[in-house]
Amino acid sequence: APVARSEITISILTDGDSEAVSVVANQLQSQVSVLASGEPQVFFPPGSRIDGQWNREVIRAEFQRLLADPGIDVVIALGVIASDLASEIEPTKPVIAPFVIDAVLQGFPISDDGTSGIENLHYLATNRDLPSEIVRFATSTQASKIAIIGEQPLIEALPFTATWISEQFSRLGIAIQLIATGETVN
């Protein structure tokens, strides 16, 4: 049986730095602290919020560093990019990925009971069927071309996005155009 811990140290790995990310990270820390009041004590030590610089390789390296750090007990992947990369790592300690867009599309493992089936990998997915939603939208609006606007760092960092979108919808007669904003949206 696992040994009960009196302290749990959490690190937050963000996609990048922005005002919106800071607000969400602060809310997360506040809510986790409230929910986990009592035993064990939960800590977000100074320097435990890591900026992934909107870069997959930086985020991947930070994941490895945090997983190897004996002073960190839990890693929260705060963002779409960090959450996406959580499916590619071998978590040696609990990793929580709360921003999975489409678990199947992103290649996240799904066991028969709805969990990841991988020890220490925990994720939240919207459970949305994006292809069906886009087809439904195109059908109801009789659109043959749809623009999807996203932050440039996200579009560049999520490799499944552009390739998957063009493959899925071109055969349905729907042209999808990804429009990247020049800056992160706050």
Side-chain angles (χ1 to χ4, degrees), residues 1-111 113-128 150-151 153-154 156-160 183-186:
V3 176
R5 307 258 328 249
S6 62
E7 297 180 357
I8 296 175
T9 303
I10 300 175
S11 182
I12 298 175
L13 176 55
T14 68
D15 285 351
D17 186 33
S18 75
E19 185 178 328
V21 169
S22 184
V23 167
V24 172
N26 289 337
Q27 289 174 339
L28 175 69
Q29 281 183 242
S30 174
Q31 292 301 312
V32 167
S33 297
V34 168
L35 290 171
S37 61
E39 287 288 325
Q41 290 186 324
V42 174
F43 294 100
F44 294 88
S48 65
R49 188 180 305 173
I50 309 301
D51 175 3
Q53 302 173 28
W54 305 103
N55 181 294
R56 285 182 77 80
E57 294 313 311
V58 170
I59 295 168
R60 186 184 323 273
E62 290 295 348
F63 255 131
Q64 296 308 320
R65 186 182 67 74
L66 292 168
L67 292 173
D69 184 339
I72 300 296
D73 299 307
V74 176
V75 178
I76 299 176
L78 189 64
V80 176
I81 303 168
S83 290
D84 184 58
L85 280 168
S87 71
E88 300 176 12
I89 63 169
E90 294 182 25
T92 55
K93 58 183 70 166
V95 171
I96 302 168
F99 292 101
V100 175
I101 297 170
D102 184 318
V104 173
L105 173 62
Q106 290 176 254
F108 273 81
I110 303 172
S111 67
D113 65 358
T115 66
S116 73
I118 295 178
E119 186 175 355
N120 290 325
L121 178 59
H122 311 278
Y123 64 88
L124 300 174
T126 60
N127 289 327
R128 302 192 76 108
E151 297 175 356
L154 293 179
E156 291 174 354
L158 297 172
F160 68 85
E183 299 178 12
T184 58
V185 177
N186 283 313

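What you see below is based on every heavy atom in this structure, not just the backbone, and it leaves out hydrogens, waters and symmetry mates. One-based numbering along the sequence shown.
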**OP:** Mind checking the CD1-CD1 spacing from Ile59 to Ile81? Nearest 0.5 Å is all I need.
**Re:** 4.5 Å
**OP:** Find the distance between CD1 (Ile50) and CD1 (Ile72) and round it off to the nearest 0.5 Å.
**Re:** 7.5 Å
**OP:** Check whether any side-chain heavy atom of Tyr123 sits under 4.5 Å from a side-chain heavy atom of Ile118, and report yes or no.
**Re:** no
Original post:
Taking only residues two or more places apart in sequence, or in another chain, which ones meet Phe63 in a ring-ring contact (aromatic ring centres under 6.0 Å, His included)?
Top reply: none
Subject >> Non-hydrogen side-chain atoms of Val95 and Leu67 separated by less than 4.5 Å >> reply: yes
Subject >> Residues which pass side chain to side chain donor-acceptor pair (under 3.5 Å) with Arg60, listed by chain and number, not counting sequence neighbours >> reply: Glu57, Glu88
Subject >> Residues which pass side chain to side chain donor-acceptor pair (under 3.5 Å) with Gln53, listed by chain and number, not counting sequence neighbours >> reply: none
Original post:
Looking at residues at least two apart in the chain, or sitting in another chain, which of them share a side chain to side chain contact (heavy atoms under 4.5 Å, CB included) with Val42?
Top reply: Ile10, Val32, Ala36, Phe44
Subject >> Value rounded to 0.5 Å, distance of NZ in Lys93 from CG in Leu121 >> reply: 15.0 Å
Original post:
To the nearest 0.5 Å, how far apart are CD1 in Ile76 and CD1 in Ile96?
Top reply: 5.0 Å
Subject >> Atom pair CG (Leu66) and OG1 (Thr92), whose distance is rounded to the nearest 0.5 Å >> reply: 10.0 Å
**OP:** Would you please name every residue forming a side chain to side chain donor-acceptor pair (under 3.5 Å) with Asn26, sequence neighbours left out?
**Re:** Arg49
**OP:** Output the distance between atom CD (Glu7) and atom CG (Asp73), rounded to the nearest 0.5 Å.
**Re:** 9.0 Å
